[in-house]
Amino acid sequence: VNVTGDWELTVTTPRGERTSPVKFVQEGEKLTVTMTSPRGDESTGEGTVKGNEIEWTITRTTPRGEMTINYKGTIEDENTMSGQAQMGDFGSMEWKAKRKVS
């Protein structure tokens, strides 16, 4: 499965669900990721796709300093994926993503 394209990523946080746009560019197993926060800040990161496993890391600048978020998950089909996000020192949260239909 090639995940290149625009996706909607939803993270389940203690304050409820947060949805934001994500753009993936996949070349072989290499993944480049651009995420837009709910405040409109863009963060870029890199990762890998191996079979149906996907993983990427984003570093965000927050009011409390930089936070690195590591996303790991499973690509279920060409339009859906889900997994866990390790949010720095804040523990992990579940995420899911759906491909945007243009």
Side-chain angles (χ1 to χ4, degrees):
V1 175
N2 189 318
V3 299
T4 296
D6 293 313
W7 292 70
E8 283 280 317
L9 181 86
T10 302
V11 177
T12 305
T13 76
R15 295 190 206 112
E17 291 192 340
R18 300 273 188 263
T19 300
S20 55
V22 180
K23 184 179 189 92
F24 293 114
V25 177
Q26 182 182 341
E27 297 170 40
E29 290 188 345
K30 182 175 181 277
L31 191 65
T32 305
V33 184
T34 305
M35 299 179 74
T36 306
S37 77
R39 286 187 229 102
D41 306 322
E42 268 196 2
S43 304
T44 57
E46 292 188 346
T48 57
V49 175
K50 294 180 178 167
N52 68 339
E53 299 295 312
I54 187 166
E55 183 173 344
W56 74 95
T57 302
I58 291 279
T59 301
R60 282 219 167 114
T61 303
T62 73
R64 298 187 197 102
E66 291 202 334
M67 180 166 77
T68 299
I69 306 169
N70 188 341
Y71 294 85
K72 286 186 180 180
T74 304
I75 302 164
E76 289 144 30
D77 57 42
E78 63 190 32
N79 295 316
T80 54
M81 60 177 95
S82 64
Q84 293 279 323
Q86 186 64 41
M87 318 291 268
D89 300 330
F90 297 98
S92 68
M93 299 182 197
E94 288 187 15
W95 63 266
K96 60 189 176 197
K98 284 188 185 155
R99 188 185 295 270
K100 279 191 194 171
V101 181
S102 45

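All values below come from the heavy atoms of this structure, side chains included, with hydrogens, waters and symmetry mates left out.
Rounding to the nearest 0.5 Å gives a distance of 6.5 Å between CD of Glu78 and CZ of Arg99. For the atom pair CD1 (Ile54) and CD (Glu29), the distance works out to 12.0 Å, reported to the nearest 0.5 Å. Note: Lys30 NZ to Thr48 OG1 = 11.5 Å, rounded to the nearest 0.5 Å. The structure places CD1 of Ile69 at 10.5 Å from CH2 of Trp56, a figure rounded to the nearest 0.5 Å. Note that the NZ atom of Lys98 and the OG1 atom of Thr10 stand 7.5 Å from one another [nearest 0.5 Å]. The CD1 atom of Ile75 sits 12.5 Å away from the NZ atom of Lys50 when rounded to the nearest 0.5 Å.
Here the rule is side chain to side chain contact (heavy atoms under 4.5 Å, CB included) with Leu31, and of Val3, Thr4, Val25 only Val3 fits it.
Residues Val22 and Val33 meet the side-chain proximity criterion, which asks for heavy atoms closer than 4.5 Å. The closest side-chain heavy-atom distance from Lys72 to Glu55 is below 4.5 Å. At least one side-chain heavy atom of Met81 sits less than 4.5 Å from a side-chain heavy atom of Phe24. Under the 4.5 Å side-chain criterion, counting only non-hydrogen atoms from C-beta, Glu46 is not in contact with Thr57. Using a 4.5 Å heavy-atom cutoff, the side chains of Gln84 and Glu94 are in contact.
At distances below 3.5 Å, not a single donor-acceptor pair connects side-chain atoms of Trp7 with backbone N or O atoms of Thr80. With hydrogens and angles ignored, the 3.5 Å screen pairs a side-chain donor or acceptor of Gln26 with a backbone N or O of Gly28.
The stretch residues 15-26 participates, sequence neighbours left out, in these salt bridge (Lys or Arg N to Asp or Glu O under 4.0 Å) pairs: Asp6-Lys23, Glu17-Lys96.
Side-chain polar atoms of Ser82 and Glu76 form a donor-acceptor pair below 3.5 angstrom.
Listed here is the closest heavy atom pair of Trp95 and Gly73: CZ2-CA, 3.7 Å. Across all their heavy atoms, Ser92 and Gln86 have their closest contact at CB-OE1, 3.6 Å. The shortest heavy-atom contact between Gly45 and Ile58 is N-CD1, 3.6 Å.
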Quick one, Asp41 with Thr61, criterion side chain to side chain contact (heavy atoms under 4.5 Å, CB included). Give me CA distance, side-chain angles, the key distance, then yes/no. CA-CA 9 Å; Asp41 306 322; Thr61 303; over 6 Å; no
